[in-house]
Amino acid sequence: MMQVQLPDGSIKEYPDNATSLDVAESIGPRLAKACIAAVVNGKVVDLKRELRLCREPGDSGPVTVRLLTDRDPEALGVLRHSAAHVMARAVMRLFPNVGLAFGPTLSTGFYYDFDMPDRIREEDFPKIEAEIGKLVAQAEPFDRFELPRSEAIGFVADLKQELKAEHIQTGLADHPTLSFYRQGEFVDLCRGPHIPDAGRIKAVKLLSVAASHFKGDAGGKSLQRLYGTAFFTQKDLDAHLAQVEEAKRRDHRVLGKQHALFHISQEVGPGLCLWLPKGATVRGLLEDFIKAELLKRGYQPVYTPHIGRVEMYETSGHFPYYRDSQFSPIFGHPAGSVVDRWITLLEAGELTSQKEKQFVEFAPLLEARVEGYPLGGLKDEKVASLKTWQSQHERYLLKPMNCPHHVQIYKSQQRSYRDLPVRLAEFGTVYRHEQSGELNGMLRVRGLTQDDAHQFCTPEQVENEFRDTVQLVQFVLGSLGLDDYRVQLSLRDPKSDKYVGSDENWQKAEASLRRVLEEMKLSFEPREGEAAFYGPKADFMVRDCIGREWQLGTVQLDYNLPERFQLEYIGTDNRPHRPVMIHRAPFGSMERFVGVLIEHFAAAFPLWLAPEQIRILPISEKFNDYAAQVEQQLKAAGFRATTDLRSSKINGKVRDAQLELIPYMLVVGREEAEQGTVTVRDRLDADHQKKLPLAQAIAELSAEVHERRIRQKAEPAKPAVAVVEGGEANEY
RNA sequence: GCUAGCGUAGCUCAAUUGGCAGAGCUCCGGUUUUGUAAACCGGAGGUUGUGGGUUCGAGUCCCACCGCUAGCUCCA
């Protein structure tokens with residue numbers, strides 16, 4: 001017999017070969033029927049798995065069992081993974097020669113990657129869904145079995161599943177036994193767990209198909225990834241689809257065009273954002289808001305140019321490290337790019353003697369004198385010779401980062417410990433040549449303005465500075481109604497060599513960040529291997545009003561640049577010391593942040609941010625003069641107001657203002673003109689209009705602006721069903 | 001960058017198997033002088049992303065390039 005502990009703490013005895021299903025049945029037959037899976041000793045497993053197999057070797061204590069029904073978030077992940085299997089089975093029934101790759105769950109659904117000769121199109125979805133429907137109706141069970149390694153390899157070979165075979169050989173090289181799941185004729189290498197039978201899938205829908213690469217390797221085999229989602233009820237699926245629709249309705253690219261906020265012109269270039277007057281107004285207000293806040297917090301404004309010498313970025317490490325995602329250097333000499341290419345080939349060992357001869361002959365045609373070039377010399381001598389030439393000729397880079405410029409400002413004078421922390425702030429525009437496939441409206445662009453600042457401080461000040469910065473981020477996000485966020489603490493992967501700086505500095509930096517977050521009682525998720533190459537960082541993942549997450553603000557510690565640029569301050573001991581740098585951007589970039597805000601507010605900005613706050617609507621042209629007086633007074637009070645002087649009827653004017661999401665309309669006609677009043681029509685509450693003396697209306701609206709009040713609520717999106725994301729976990 | 005799909009007026013979209021490029025909104029001119037989600041009449045607006053090709057004839061078919069979208073990969 002074995003002991004089983006249930007969530008209420010009670011302990012019961014079961015036979016040695018008992019399963020979670022047996023536990024459920026002993027509690028009640030209805031529970032047994034409702035169960036999806038179970039959490040045994042902390043791990044989600046099949047209902048039919050013997051409990052003793054879930055024990056660590058040597059463990060003889062009671063086994064903890066928590067039964068999962070469709071109300072537990074973990075169950076949805078199990079359901080979706082099983083749905084991925086059923087979908088794969090359906091695809092294999094409908095298409096020939098289908099190879100299986102991976103089929104994990106996502107927070108919103110699942111996918112399965114296929115290696116197959118036919119192309120799946122959206123037109124094929126109905127017949128695949130119909131096939132899934134048949135399989136669900138048959139409600140066949142998922143049966144687990146295990147094979148020793150040697151047999152498993154032959155088994156998947158017999159199934160002609162080459163990718164699975166490769167995965168067993170490489171990814172699962174250290175697994176002595178491998179588990180499979182069978183469902184009718186469909187067998188898949190899989191860790192599980194699965195639902196008891198396909199009949200548990202009550203609502204499933206295919207969403208999209210796209211290309212992917214085997215194991216995420218861009219050079220690897222190209223696969224077709226079929227996305228879908230599944231729920232325990234049709235109602236949950238409908239709610240999910242409604243949220244997807246809501247997200248589509250809020251698309252900042254659509255709203256940005258509709259409300260003339262920004263424009264991306266083919267002729268200017270991809271990923272280069274043109275801020276239209278209304279979008280620029282929103283951005284300007286945000287900048288003013290944060291500038292005022294920075295001033296209070298002891299930051300000093302600086303401005304720096306948009307380009308800088310390549311050598312500076314070589315010193316900082318950005319140029320060599322991110323070369324592929326930077327715009328090409330700007331050369332002051334016509335032969336600049338030729339010499340650059342020459343060096344690249346030399347360093348890569350790809351320069352044949354024939355090509356080298358061509359370079360040497362070609363250079364003079366571009367008026368480049370490279371007489372000293374050691375034609376018969378060593379590679380290093382040649383590189384040195386060419387680099388000397390480069391250093392004698394101008395090479396500039398469109399700045400990909402503001403930090404080297406700010407570093408130069410720090411270095412422009414001798415710093416005492418009394419000056420520290422030095423906090424230099426700039427809305428700095430940087431340019432990055434993002435891959436074409438990455439560009440996305442304002443959210444991913446090639447020219448962006450960071451609300452950047454660099455804090456130079458003593459090692460002892462790091463934690464205070466970091467804390468102040470986190471508080472700043474909290475304040476600005478809170479001011480915009482974005483107070484639902486979590487923090488990701490990105491740490492280095494100790495096994496990787498992509499990081500610069502000493503182990504000691506990394507440990508210090510990571511410990512400081514952790515300590516402050518813990519002190520501030522901010523929950524955070526440590527993520528190994530996600531740090532920047534120069535230091536750990538804390539990223540703010542912000543949830544918008546319909547439940548989507550965006551990565552916005554970031555705070556990064558840097559022990560590296562001060563080292564590379566030999567930064568110093570004079571300490572109390574009258575000796576030079578090395579400062580620490582903190583990079584931080586509460587918004588991230590203005591482009592991305594405004595893009596997120598457009599989606600968050602669905603372009604209906606709160607009064608303090610609205611590009612046009614108030615529109616005055618004269619009943620007829622007879623009252624245009626009074627409207628002009630009202631407009632003039634509103635402007636004097638600091639409002640962004642216009643008057644609709646068109647000859648259309650009031651109905652038309654109201655409709656247009658409403659559709660343009662103007663927060664307030666002031667209707668003026670005979671009565672208002674005679675009394676010196678305005679009729680205030682609130683966009684969010686058109687049924688309760690108030691006729692107020694103009695001065696009172698101004699006072700009330702001013703208060704709303706000064707408090708930065710956020711009144712609009714998102715259309716209530718049903719909360720997304722919580723899901724424990726599996727990633728590729730349930731695929732081994 | 002890769003895979004797939006897409007590109008028609010400022011915007012949203014039509015155009016049968018290859019057979020005269022069209023509508024609504026916006027814009028401009030006029031009429032109307034209005035009390036809370038569209039007053040009426042008229043007009044302008046196009047080398048169908050660019051360049052080649054096939055064809056008697058191309059928005060439609062083929063090729064290359066540019067751009068957009070989704071996903072992959074990347075993100076200092």
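Order of the sequence lines sets the chain letters (A, B, ...), proteins ahead of strands, with each chain counted from 1. Just so you know, these numbers come straight off a predicted model, no measurement behind them. These values consider heavy atoms only, across backbone and side chains, with no hydrogens, waters or symmetry-generated copies.
- Residues that satisfy the ring pair (Phe, Tyr, Trp, His ring centres under 6.0 Å) test with A:F456, not counting sequence neighbours, are A:Y410.
- For the pair A:D124 CG and B:rG5 C1', the interatomic distance rounds to 14 Å; values are reported in whole Å.
- A:S208 comes within 4.0 angstrom of no nucleic acid atom, judged by non-hydrogen atoms across all strands.
- If you check every strand for non-hydrogen atoms under 4.0 Å, A:Q326 touches a base.
- Residue contacts for A:Y321: at a heavy-atom cut-off of 4.0 Å it reaches no nucleic acid atom on any strand shown.
- Aromatic pair A:F593/A:F587: centroids less than 6.0 angstrom apart.
- In terms of polar N and O atoms assigned as donor or acceptor, the side chain of A:R432 never comes within less than 3.5 Å of the base of B:rC75 in a complementary pairing.
- Side chain of A:R444, nearest nucleotide from B:rC74, B:rU36, B:rC72: B:rC74.
- Checking A:Y534 against A:L439, the closest nucleotide of RNA chain B that is more toward the 5' end is the one next to A:L439.
- Put simply, the side chain of A:E672 and the base of B:rG35 share a donor and an acceptor less than 3.5 Å apart.
- B:rA58 and B:rA39 have their P atoms separated by 45 Å, with the value rounded to a whole Å.
- Proximity note for A:K537 (side chain, C-beta onward) versus B:rC2, B:rA76, B:rC11: the nearest is B:rA76.
- No contact: A:D324 has no heavy atom under 4.0 Å from any strand.
- Heavy atoms of A:T679 sit under 4.0 angstrom from at least one base atom.
- One can find a donor-acceptor pair under 3.5 Å joining the base of B:rU36 and the side-chain atoms of A:Q689.
- Under a 4.0 Å N-O distance rule, the pair A:R249/A:E245 does not qualify as a salt bridge.
- Taking 3.5 Å as the limit, the base of B:rC72 and the side chain of A:Q435 contain no donor-acceptor pair of atoms between them.
- At a cut-off of 3.5 angstrom, counting only N and O atoms as typed in the model, there is a donor on one side and an acceptor on the other between the side-chain of A:S325 and the base of B:rA76.
- Scanning RNA chain B for stems, defined as runs of 3 or more consecutive Watson-Crick or G-U wobble pairs whose donor-acceptor distances all fall under 3.5 Å, gives the following ranges: B:1-7 with B:66-72, B:10-13 with B:22-25, B:27-31 with B:39-43, B:49-53 with B:61-65.
- Judged purely by distance below 3.5 Å, without hydrogens or angles, the side chains of A:Q696 and A:E700 pair a donor atom with an acceptor atom.
- In this structure, A:R253 reaches the sugar-phosphate backbone alone: every heavy-atom distance under 4.0 Å involves primed, P, OP1 or OP2 atoms, never a base.
- Of the residues in residues 649-661 of chain A, those placing a heavy atom less than 4.0 Å from an atom of RNA chain B are A:K649, A:I650, A:N651, A:G652, A:V654, A:R655, A:Q658, A:L659, in numerical order.
- Where A:Q266 and A:Y322 meet RNA chain B, the nucleotide closest to each residue was compared, and A:Q266 sits on the side nearer the 5' end.
- Residue A:Q556 is in sugar-phosphate contact alone, with no base atom involved, counting any heavy-atom pair closer than 4.0 Å across all strands shown.
- In this structure, A:R80 fails the cation-pi test against A:F110, since its NZ or CZ atom is not both closer than 6.0 Å to the six-membered ring centre and inside 45 degrees of the ring normal.
- Nucleic acid contact class of A:P270 (heavy atoms, under 4.0 Å, all strands): sugar-phosphate only.
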